[in-house]
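Numbering of residues begins at 1 and proceeds along the displayed sequence.
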Amino acid sequence: MAVIDRRIGILFIVFVALLGLALARATYLGSVRAGSLERAAATQQVSNVVVPAPRGAITDRDGAELALSESADDIVADPYLIKNAVPASAQLSSMLGIPQLTVLKLLTKPHTGFVYLAHLIPAAQANAISDLRIAGISLIPKTRRVYPRGDEAAQVVGSVHLNGDGASGIEYGDNGVLEGTNGLRRIVSDAIGPPISSDDLTPTVPGKTIALTIDSGLQQEVERVLAEVGAEYSPQGATAIAVDPATCAILALANWPANGSRSDPQDEAIGLNYEPGSTFKAITVAGALEDGVVSPNTQFPIPPVLQFADRQIHDAEDHGYETLTVAQILKYSSNIGADLIGQKLGKKQFDYWVHRFGFGQPTGVDLPGEQGGIVLHWWQYSGSSMANLPFGQGESVTPMQMVAAYSAIANGGILRAPHVVQSVGGKPTALPAGRQVISAATASELRDMLRGVLADGGTASGAAIPGYDMAGKTGTANIAVDGHYSDSAYVASFIGMVPTDHPRLVVAVVVNQPHGSIFGGSVAAPAFQQIVGWAVPYLGISPR
């Protein structure tokens, strides 16, 4: 009996000791650690979540949406809270379109309390997942960028990174305007995870809508025509730009090939550096007209071959001795004639006019990544530079620079930067400042001469549209390879305007290294004709 009493006493003492330790621990936790534990409990049930601001939409000039944002969620899991991983993975697999084994591995990932299951799931789909009320599965609110018109104007509009920041095009160049200001939301969750209440601590400020000058209808036609050029000539690339010369607003801009164009930041319209060939002859003639060293009717004796320093200059077609006026030099695209006009100008004045038209520097178009071309100054010329430069070989330009220069010819001699942003947040953007580079009279004379290119016998006579008065210029330029001009690689181009007297549309087509045919008149001019033929009734441009 004494032994039993002793055992009971020992157990009582142990019990009292354990009770004392528990009371001491409770006192410690309730006083010394009370604050930190309270904060820890709050953070387990209350969380502050960043609510992304809706990114501003991008539209065409008439409000058709080219890019917009919609609600989406990232789906995340806490493997520590997942109790029945196999059935949970089966449910989530079917809803996320992810193999069940992949989901199961994520739900059972060791040593982590956070793992992403999917990014940017559309709101309806994410809400359905939330309704499953699987302990350990949470949603993080995001926004998802969508492009309702697919790849239309893809390289102009651009794309965004996974985090929502702009990656290319307008999305990148105007990211600060589009992104808005994120908000902050406090979410209170119950013990197993699902939220029971939420309050917005800081409201979101949506990004501003950007309306472009792009005309969706014309854009689609330009892309269609370029696709045909690509299919027929299999070039390395092709670019087309259509602008309103009065304002230099870009109505359409497309590149071919289009595959992957949204993720490709390189827009050839502003990034392709190429030798323009005979389209540059208009710049040479413009300077000579403005300086008064020639008139449209000034005659030049054109030999079969022009010896210039160590070079022999030929025309595209063999001929004997002949006499051509300045207007005919443009019409028939005589390289020899262009060089003779260049001699009249002299290298200093030729250089002056090249730079006055903006070559050698970016145009200032509101698209990111614009290149400036490569144009030497007269003191950098070699003894034979003026043998090539007047007819567009030896200088490097971009399609956008050529469009800007021809728009100046179309717009009474006023050069201004092309632009693609029409308004921001409903407020019209200021028209880029223009400067008079040649007189209105010179521009008119030049347009009149460029009519001949599309007339009978001109290098683009096949591109004429019955009933419409048009002007333009072909270009066929050898590509320099390893310091020498290739006899098989060319850039074919055409730039023109309609109607000639008061142009309302300028279109440039540049085809880089076509196969089968290489000439601007046979490759690029027909594409110009298709684009303009579709555009004139669409834009309400009347025949003569």
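Applying the ring pair (Phe, Tyr, Trp, His ring centres under 6.0 Å) test to pairs two or more places apart or on separate chains, none has a residue in residues 390-436. Sorted by first then second residue, the ring pair (Phe, Tyr, Trp, His ring centres under 6.0 Å) pairs that include residues 491-518, not counting sequence neighbours, are Phe494-Phe528.
Under a 3.5 Å cut-off, the side chain of Arg504 and the backbone N or O of Leu539 do form a donor-acceptor pair. Using modelled atom types, no side-chain atom of Asn512 and backbone atom of Ala238 make a donor-acceptor pair closer than 3.5 Å. Side-chain atoms of Gln349 never come within 3.5 Å of backbone atoms of Gly346 as a donor-acceptor pair (strictly under, hydrogens ignored). Side chain of Tyr468 to backbone of Ile541: a donor-acceptor contact under 3.5 angstrom is found. Arg435 contributes a side-chain N or O that, together with a main-chain N or O of Arg356, makes up a donor-acceptor pair within less than 3.5 Å. Proximity of a side-chain donor or acceptor of Asn273 to a complementary backbone N or O of Gly373 within less than 3.5 Å is detected. Side-chain atoms of Asp366 come within 3.5 Å of backbone N or O of Val420 as a donor-acceptor pair. For the pair Arg145 (side chain) and Gly166 (backbone), a donor-acceptor distance under 3.5 Å is absent. Put simply, the side chain of Thr143 never gets that close to the backbone of Ser69: no donor and acceptor are under 3.5 Å apart. Side-chain N or O atoms of Asp73 include none that pairs as donor or acceptor with a backbone N or O of Ala126 at under 3.5 Å.
Using a 4.0 Å cut-off between a side-chain N of Lys or Arg and a carboxylate O of Asp or Glu, Asp448 and Arg451 qualify as a salt bridge.
Taking the six-membered ring where tryptophan is involved, the planes of Trp353 and Phe357 are tilted, since the angle between them lies from 30° to 60°.
For the residue pair Tyr485 / Glu275, a side-chain donor-acceptor distance below 3.5 Å is found, with atom types taken as modelled. Defined by atom type and a distance below 3.5 Å, a donor-acceptor pair is present between the side-chain atoms of Ser439 and Glu290. Using a 3.5 Å distance cut-off with no hydrogens or angles, the side chains of Asn478 and Ser486 do not pair a donor with an acceptor.
Side-chain contact between Lys473 and Ser333 is present, with at least one heavy-atom pair separated by less than 4.5 Å. The shortest side-chain heavy-atom distance between Asp267 and Leu253 falls under the 4.5 Å cut-off. Counting only heavy atoms from C-beta outward, the side chains of Val365 and Ile250 approach each other to under 4.5 Å.
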If you apply the rule side chain to side chain donor-acceptor pair (under 3.5 Å), what do you find for Thr398 with Glu370, and how did you get there? CA-CA 9 Å; Thr398 67; Glu370 183 185 17; 4.9 Å; no
Stepwise side chain to side chain donor-acceptor pair (under 3.5 Å) check, Thr474 with Thr459: CA-CA 7 Å; Thr474 54; Thr459 55; 2.8 Å; yes
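Considering Lys348, His355, Lys347 in turn, His355 is the only one that fulfils the side-chain hydrogen bond (donor to acceptor under 3.5 Å, both in side chains) rule with Asp351.
In this structure, Tyr233 places its OH atom where more than 12 heavy-atom neighbours from other residues, nucleotides or ligands lie under 6.0 Å away.
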